[in-house]
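Below is one structure, written out as structure tokens; comments come after it.
Note that this is a predicted model, so its numbers are computed, not measured.
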Amino acid sequence: MPCFLPRIKQAEITIAKLQNRVHVYAVEGGFPMFFDVDGRGSDIFPTVYALWMVPELLPVFVLKGGEVSRFVIGGADLMFPGITVPPEGLPSFRAGEPWAVKVPGNSAPIAVGSTTMSSAEALKAGLRGKALRITHYYRDLLWESAEGHCVPNAGFFEDVVFEDPSLLQASHDSDLTEAVGETSIDQHNNPKGDGPEESLDVNEFQPDSNPALTMPNGNENDTAAEVTEGVADLNLRDTASANDPDDQQTLSTADVNSLLDKCLLQALHTTVKDKDLPLPGSTLWSNHVLPCRPSGITLDIKKSSYKKLSKWLQAKSTSGLISVKEDKHKKEVMLFSVNRKHADYSSFKPEKRQVEKSEQPSVQSANEIRSSKTLEVAEIYKPSVHVNSIFSSVGADTGKLFSASEATDIVFKYVEKENLVKPTNKSVVVLDVILCDALFKGAIKKGTTYPTEIHKKDLGSTFVSRMQPHHVVTRGNESVVCKGALKTIQLLTERRQGNKKVTKLSGMESFLIDAEALASELQKKFACSTTVAELPGKKGNEVLVQGGVIDDLARHLIDQYGVPKRYIEVLDKTKK
């Protein structure tokens with residue numbers, strides 16, 4: 001008996017083979033749907049485009065907030081501390097599984113990667129360390145290579161937005177082309193463009209080795225056809241279908257250029273202060289320029305003639321309005337100064353209007369909170385057995401602590417009381433037995449004659465050197481007295497297994513800095529794993545920060561905690 005099967009619509013899949021062995025799969029020559037990391041079929045991942053079409057294609061990790069997503073879409077791997085653990089606990093997964101990344105309240109994934117360890121290993125490690133090795137992320141070169149085919153417009157993100165509004169606009173200023181590991185997609189590795197392409201029937205595309213993408217063994221053609229048909233039926237809402245079409249205005253390239261200049265000048269007049277410089281270009285864009293745009297206008301640097309934030313800022317620097325320089329370590333343009341005598345700046349009249357507030361935490365407000373707990377370090381001295389007789393003679397309390405100037409006043413008060421100033425030379429003090437013992441007893445070698453007089457300019461310092469040094473450290477309403485010289489904060493960077501860098505910090509307790517609070521703060525600031533451990537054989541704790549951030553950490557202690565530079569000792573063992 002003949003069996004009649006329904007006719008299945010077939011589709012072509014094109015494969016772009018790049019020089020770095022990566023294979024990129026596209027449906028009907030359109031936007032890329034999957035990519036093979038090594039070209040062997042062992043590591044096949046869906047693209048961000050594919051996940052926007054079918055968000056449930058992969059299991060997802062939800063970030064704790066938009067601040068973490070800033071680093072993820074910059075190409076950084078995802079750490080466990082940046083993941084939101086659901087109330088029912090950490091989901092089960094194995095090492096090497098493909099997972100997607102989302103921000104809270106947004107159904108559109110922003111990155112895809114593979115797990116570095118199993119859920120059991122993660123719990124055993126205390127949910128610390130690297131969770132996901134990112135292989136592809138929003139706004140990287142793979143994403144941009146297909147931007148013309150399928151770009152989600154304002155309607156797509158109308159109901160759900162990134163927690164950090166600058167992520168959809170400010171992130172394209174930097175070239176997110178560097179791989180994190182060897183698995184990132186870099187189209188620039190192929191100087192000929194897309195590389196050789198070949199058209200294959202959909203039957204030939206069988207990513208069997210990836211459990212998340214494996215097709216059933218029955219009728220693979222049926223399954224493939226259903227997938228491609230389903231993708232074709234999914235349509236993103238057009239801009240014109242947005243609730244308020246008046247809010248969406250189409251601007252020409254010249255209009256965007258003019259609007260960029262206007263917003264920059266508005267920001268330079270209203271929010272950018274000289275005391276905040278130098279300022280990263282991304283911060284200038286997201287915290288100052290974007291909030292100055294007119295209501296209802298979407299400002300996109302890519303729709304200008306500059307295309308990139310760095311090129312725009314360089315152009316403004318060439319005109320003399322601002323001064324910028326590229327930070328080679330952060331690979332970002334930094335704003336160093338503003339020429340407030342420039343003709344454009346002087347002729348511009350800023351609008352008196354309510355500037356939109358960015359959702360990012362205000363750096364200024366954080367500094368204001370920090371300033372209420374300004375660190376003060378003072379050297380004080382306690383009378384020792386050598387100088388107790390001098391203090392007793394003038395009626396001073398030998399159990400108190402004195403500053404250097406107060407101690408100097410005590411010895412000069414004794415000189416005045418005993419009338420020890422030399423009559424023939426008012427700048428010289430004649431030493432009596434008590435004062436001579438206080439200054440030199442035990443400090444003069446045997447057989448050496450004791451001095452009989454001392455110059456007034458040397459009297460105070462010599463007297464203070466015979467007292468016991470102490471330090472008083474004050475932060476806000478909290479104060480502590482330390483005996484002896486104040487110990488420095490030790491910063492050390494060294495290499496660990498796998499040629500990875502780790503930065504150690506100790507001695508922060510002397511400056512009234514809580515180790516646990518500092519570790520939590522550094523974890524958010526540097527988007528890396530941090531741990532706190534007790535110093536072996538010593539009092540105090542040690543903060544371990546993953547990565548070679550020794551210079552940034554020292555600067556953070558100076559700027560945010562007010563630790564004097566002379567009290568920070570830096571040693572980088574990774575430098576030859």
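- A donor-acceptor pair under 3.5 Å is absent between the side-chain atoms of Ser317 and the main chain of Leu313, judged by distance alone.
- Summarising the geometry of Leu78 relative to Ile134, their closest heavy-atom pair is N-CG1, 4.0 Å, with the distance given to 0.1 Å.
- At least one donor-acceptor pair closer than 3.5 Å links the side chain of Asn257 to the backbone N or O of Ser305.
- Closest heavy-atom contact between Leu259 and Pro294: CD1-CD, 3.6 Å.
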side-chain contact (heavy atoms from CB on, under 4.5 Å) evaluation trace for Leu265 with Leu321 = CA-CA 9 Å; Leu265 288 168; Leu321 176 61; 3.9 Å; yes
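- Side-chain contact check for Val377 versus His471: some heavy-atom pair is nearer than 4.5 Å.
- Between the Thr115 side chain and the Gly96 main chain, a donor and an acceptor come within less than 3.5 Å of each other.
- Classified by interplanar angle (parallel below 30°, tilted 30° to 60°, perpendicular above 60°), the ring pair Phe61/Phe80 is perpendicular.
- Side chain of Thr574 to backbone of Arg495: no donor-acceptor contact under 3.5 angstrom is found.
- Considering CD of Glu478 and OG1 of Thr474, their distance stands at 9.5 Å, rounded to 0.5 Å.
- The CG atom of Leu544 sits 5.5 Å away from atom CZ of Arg496, with the distance rounded to the nearest 0.5 Å.
- Note: Leu492 CG to Lys504 NZ = 6.0 Å, rounded to the nearest 0.5 Å.
- Scanning both residues, Val48 and Tyr138, for their nearest heavy atoms gives CG2-N, 4.1 Å.
- A donor-acceptor contact shorter than 3.5 Å links the side chain of Thr135 to the backbone of Val112.
- Under the 30°/60° scheme for interplanar angles, the aromatic rings of Phe35 and Phe45 are found to lie parallel.
- Closest heavy-atom contact between Leu51 and Pro109: CB-CG, 3.7 Å.
- Between the side chains of Glu97 and Trp99, at least one donor N or O lies within less than 3.5 Å of an accepting N or O.
- Counting heavy-atom neighbours within 6.0 Å of Glu534 CD, excluding the residue itself, gives a total of 12 or less.
- A donor-acceptor contact shorter than 3.5 Å links the side chain of Asn339 to the backbone of Gly320.
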Given Glu494 and Lys501, is the salt bridge (Lys or Arg N to Asp or Glu O under 4.0 Å) satisfied, shown in steps?
-> CA-CA 6 Å; Glu494 60 185 8; Lys501 293 183 181 179; over 6 Å; no
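- Without hydrogens or angle criteria, Ser319 side chain to Lys316 main chain gives a donor-acceptor distance under 3.5 Å.
- Smallest separation of non-hydrogen atoms from Val333 and Ser310: CG2-CB, 3.6 Å.
- Separation of atoms CG (Leu491) and CG (Leu505) is listed at 5.0 Å; rounding is to 0.5 Å.
- A heavy-atom distance below 4.5 Å is found between the side chains of Gln266 and Thr270.
- Thr47 places a side-chain N or O within 3.5 Å of a backbone atom of Pro32 that can act as its donor or acceptor partner.
- Side-chain contact between Val532 and Leu518 is absent, with no heavy-atom pair separated by less than 4.5 Å.
- Asp140 and His136 are linked by a side-chain donor-acceptor pair at a separation below 3.5 angstrom, with hydrogens and angles left out of the test.
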Evaluate the salt bridge (Lys or Arg N to Asp or Glu O under 4.0 Å) criterion for residues Asp274 and Arg340: first the C-alpha distance (whole Å), next the side-chain angles of each, then the deciding distance (0.1 Å), finally the verdict.
-> CA-CA 10 Å; Asp274 290 337; Arg340 303 193 185 274; 3.1 Å; yes
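- A distance-only check finds no donor-acceptor pair linking the side chain of Ser346 to the backbone of Ala343 [under 3.5 Å].
- For the 3.5 Å distance criterion, the side chains of Asp255 and Ser258 fail to qualify, holding no donor opposite an acceptor.
- Side chain of Arg128 to main chain of Pro81: no donor-acceptor pair is present (N/O by atom type, distance under 3.5 Å, no hydrogens or angles).
- The two residues Lys262 and Phe348 come nearest to each other via the heavy atoms O-CZ, 3.8 Å.
- In this structure the side chain of His556 reaches within 4.5 angstrom of the side chain of Leu522, judged on heavy atoms.
- Between Tyr345 and His269, the angle of the ring planes stays under 30°, which puts this pair in the parallel group of the 30/60° scheme.
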